[in-house]
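Presented below is the structure to which this report refers.
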Amino acid sequence: MKTTTFNQAFIKIFTLITLCFTTFGFTTKFGLDSYEIYLNNKLILKQSVNEPLSLRVLQLDKANVNDQLRINYIHCTLKGAGTNRNIVLKDEKGKKLKDWSFANATSSDLTMVISVKELLLLIKSNPNHELSLHYTSKGLTKAQMLASLTVK
């Protein structure tokens, strides 16, 4: 009698453990994409995609025309860079003003580099417009807004 009860309990526990392994062993790892934006080598913005958009403003008024904006976008499920990566400059209506394409990252360096001189020229040629940078890649279903741009 005790052996039967013990065997039934053991079978139930074994079945539950097996079910848990099969259920959770094949699910994707959930998390958040994140990115970092550097002005040359100085970190000026570090965000996860769920943080408020109001905090994502790049002030380029102190930037030099010889500076470079360096962007690292890390996909949570890929644990690295996506493929077919692009940074797109858009106005407030979503119109594409410039599209930078980047090679697929082949190492731990995920950096995408944009010339600040080029950004400043685009900002000057589009006065009275709210401009923003967006990231796209094959691994994303829609473009991810990275930051708004301001020059005072």
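Separating the CH2 atom in W100 from the CG atom in L133 is a distance of 6.0 Å, to the nearest 0.5 Å. Rounding to the nearest 0.5 Å gives a distance of 9.5 Å between CG of D99 and NZ of K90. Summarising the geometry, atom OG1 belonging to T111 is positioned 10.0 Å from atom CD1 belonging to I71; distances are rounded to the nearest 0.5 Å. Remark: Q144 CD to Y35 OH distance equals 6.5 Å, nearest 0.5 Å. With rounding to the nearest 0.5 Å, the separation of NZ in K62 from CG in D67 is 13.0 Å. Interatomic distance, NZ of K42 versus CD1 of I44, reported as 8.5 Å (0.5 Å rounding).
At least one donor-acceptor pair closer than 3.5 Å links the side chain of N64 to the backbone N or O of N66. In this structure, the side chain of R70 does not engage the main chain of I37 through any donor-acceptor pair within 3.5 Å.
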Original post:
Under the side-chain hydrogen bond (donor to acceptor under 3.5 Å, both in side chains) criterion, do N84 and S137 qualify, and how do the steps go?
Top reply: CA-CA 5 Å; N84 302 332; S137 76; over 6 Å; no

**OP:** Check the pair H134, T136 against side-chain hydrogen bond (donor to acceptor under 3.5 Å, both in side chains), reporting the backbone distance first and the verdict last.
**Re:** CA-CA 7 Å; H134 299 258; T136 64; over 6 Å; no

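L97 and L146 end up in the same hydrophobic cluster when Ile, Leu, Val, Met, Phe, Trp and Tyr side chains are linked at under 4.5 Å. The same ILVMFWY cluster, assembled from side-chain heavy atoms under 4.5 Å apart, contains both I123 and L69. If you chain together hydrophobic residues whose side chains sit under 4.5 Å apart, Y38 and L149 never meet in one group. In the hydrophobic clustering of this structure, L131 groups with I87; members are Ile, Leu, Val, Met, Phe, Trp, Tyr whose side-chain heavy atoms approach within less than 4.5 Å, directly or through other members. A single hydrophobic cluster is seen to contain both L122 and L60, as judged by linkage of ILVMFWY side chains at heavy-atom distances under 4.5 Å, directly or through other members.
When all heavy atoms of K117 and V65 are compared, the pair lying nearest together is CB-O, 3.1 Å.
When the options K95, K98, K96 are evaluated for a side chain to side chain contact (heavy atoms under 4.5 Å, CB included) with L89, the one that passes is K98.
Atom CD of E130 has 12 or fewer neighbouring heavy atoms from other residues, nucleotides or ligands inside a 6.0 Å radius.
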